[in-house]
Amino acid sequence: MSSTRPFAHPDAQSPLACDGVSLDTLAKKYGTPLYVYSAEQILERLRLFTAAFESIPHLVCYSVKANSALAILKLLDRNGSGFDIVSGGELERILRVNKAAAQRVVFSGVGKTAAEIDLALRSGILIFNVESAGELDLLAERASRLRKRARIALRVNPDVFAETHPYISTGLREHKFGIDIRQARSVYKAAAKQKFLEPCGVSVHIGSQIRSADPFGAAAERIAQLVGDLRADGLPINSVDVGGGLGIEYHADHSFRPEEKIRQYASALLKALRPLGNLQLLLEPGRFIVAQAGALVTRVLYVKKNGEKTFVVTDAAMNDLIRPALYQAHHDIVPVVRRKGARKKTVDVVGPVCESGDFFARDRELPELKPGDLAAILDAGAYGLSLSSNYNSRPRPAEVLVEGKRARLIRRRETMDDLLAMEQM
Ligand SMILES: *Cc1c(COP(=O)(O)O)cnc(C)c1O
């Protein structure tokens with residue numbers, strides 16, 4: 001139950017399973033490529049957060065962009081989670097799941113449009129994380145036009161360095177995100193003069209896939225300092241949003257204890273923030289909640305040799321899961337059926353898309369895979385389908401959610417008619 005991944009071989013003969021449900025059976029029923037998620041694992045991770053922050057008023061606002069499947073949002077909503085959104089589209093998803101969940105929504109993002117702001121104001125979201133002085137002006141104008149008060153936090157850029165891939169690091173001054181923490185006090189002063197704005201929070205998000213607790217602690221210390229200054233300026237700051245970004249371990253051979261990770265993370269944050277007293281803490285985990293709950297199941301089409309290299313060509317491609325191509329990310333790959341005495345081979349696992357970047361593994365030692373075999377690309381629950389595309393006119397995979405011993409389709413496979421529906425000749 002509290003194991004890192006829900007994907008395991010029940011015994012030596014059985015195919016790889018998700019919470020006991022055979023991936024071979026699911027692949028036969030729903031086809032491949034296929035995303036499979038464990039509901040149990042998602043809730044387990046949500047519970048770990050709630051437990052680690054039990055000692056302080058807090059709300060977990062799951063970051064919708066990590067995996068925005070309605071069924072997963074509904075599962076989280078039913079279990080008390082809030083949501084961090086970065087677009088009007090993500091808000092529409094939440095409203096479809098449960099209109100009342102808007103009260104648990106925080107709205108982040110550097111480029112909110114007037115239409116998105118209006119939708120959020122009308123829906124009565126919890127708080128806006130404002131990322132620039134320009135956005136503050138627009139929000140003030142829209143709020144006064146609609147005569148709706150907006151609770152706001154400024155997303156400040158704390159200028160801390162976090163060890164992660166450069167594309168998913170966001171907490172340095174050179175990044176486009178947030179407001180320079182040195183300018184924040186004067187922007188808050190301007191906000192406080194606006195009749196329909198209620199500056200009551202501070203927010204920060206320093207990046208993604210950050211595995212050490214230290215940068216989170218460093219950012220929290222700077223935030224605590226700012227909260228103190230703002231309170232001294234007379235602003236009733238009672239909310240601190242520490243963003244998301246807590247990383248997971250994508251290599252099974254590294255020991256990874258999620259409970260331990262969250263405990264270290266919580267202790268780094270609370271050490272800095274607890275002295276502030278009266279405070280609601282907002283947390284925006286995405287990857288940590290869903291990444292390890294999901295796998296992308298794919299079938300081997302061909303095995304080909306070019307010179308010294310062996311390529312395993314799968315029916316999944318970079319359009320289905322772009323993390324390896326985009327971030328040089330590692331995903332463990334496991335054959336679904338273990339063949340007795342299968343030899344290990346060093347191979348590249350690649351998709352059919354016409355890009356050299358279309359790979360899932362390079363020079364990876366794997367048990368021999370043959371055409372027709374199934375393989376599971378693990379830890380694909382976050383930034384998998386949500387970052388997918390139709391590149392090469394490839395319909396997107398179906399998605400299945402395993403709940404207890406039952407599996408159900410939560411998104412059907414796209415058809416060519418779906419892909420062409422928007423076009424005219
Ligand atoms: C993407 C994002 C998150 C979630 O990041 P994870 O690394 O998936 O935890 C949280 N907050 C904001 C503002 C984001 O942009």
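The chain is numbered in sequence order, starting from 1. Just so we're clear, the structure is a prediction, and the values are computed from it rather than from any experiment. All ligand and atom numbering here is 1-based and tracks the order in the structure.
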Short N/O distance, under 3.5 Å, between [X] and ligand 1?
X: Ser108; answer: no
X: Lys65; answer: yes
X: Asp84; answer: yes
X: Phe288; answer: no
X: Gly245; answer: yes

Per-atom contacts of ligand 1 with [X], taking only distances under 4.0 Å to non-hydrogen atoms:
X: Tyr383; result: 1 (C), 4 (C), 5 (O), 6 (P), 8 (O)
X: Arg155; result: 13 (C)
X: Arg287; result: 6 (P), 8 (O), 9 (O)

Give the contacting part of Glu284 toward ligand 1: side chain, backbone, both or neither, where contact means a heavy-atom distance below 4.0 Å. both
Gly109 backbone acceptor or donor facing Glu131 side chain under 3.5 Å: yes
Would you check if the side chain of Lys195 reaches a backbone N or O of Arg149 as a donor-acceptor pair within less than 3.5 Å? no
Taking only distance into account, with no hydrogens and no angle test, what donor-acceptor pairs under 3.5 Å do side-chain atoms of residues 265-277 form with protein atoms, sequence neighbours excluded?
residue	atom	partner	partner atom	Å
Arg274	NH1	Ser55	OG	3.3
Arg274	NH2	Ser55	OG	3.3

Anything under 3.5 Å between a donor and an acceptor, one on a side chain of residues 85-95, the other on a protein residue two or more places apart or in another chain? List them.
residue	atom	partner	partner atom	Å
Ser87	OG	Gly89	N	3.3
Ser87	OG	Glu90	N	3.1
Glu90	OE1	Val86	N	2.8
Glu90	OE2	Lys65	N	3.3
Arg93	NH1	Ser68	O	2.8

For Tyr250 and His331, take the angle between the two ring planes, folded into 0 to 90°, and tell me which bin it lands in: parallel under 30, tilted 30 to 60, perpendicular over 60. perpendicular
Heavy-atom count around Arg413 CZ within 6.0 Å, excluding the residue itself: above 12? yes
Any chance CD of Glu260 has more than 12 other-residue heavy atoms, nucleotides or ligands included, within less than 6.0 Å? yes
Is any side-chain N of the basic residue among Arg412 and Asp418 closer than 4.0 Å to the acidic one's carboxylate O? yes
So which protein heavy atom does atom 7 (O) of ligand 1 come closest to, and at what separation? Ser208 OG, 2.3 Å
Just to be sure I'm reading this right: ignoring hydrogens, which of Ser203, Gly109, Ser63, Cys61 gets closest to atom 4 (C) of ligand 1? Compare them by their nearest heavy atoms. Ser63
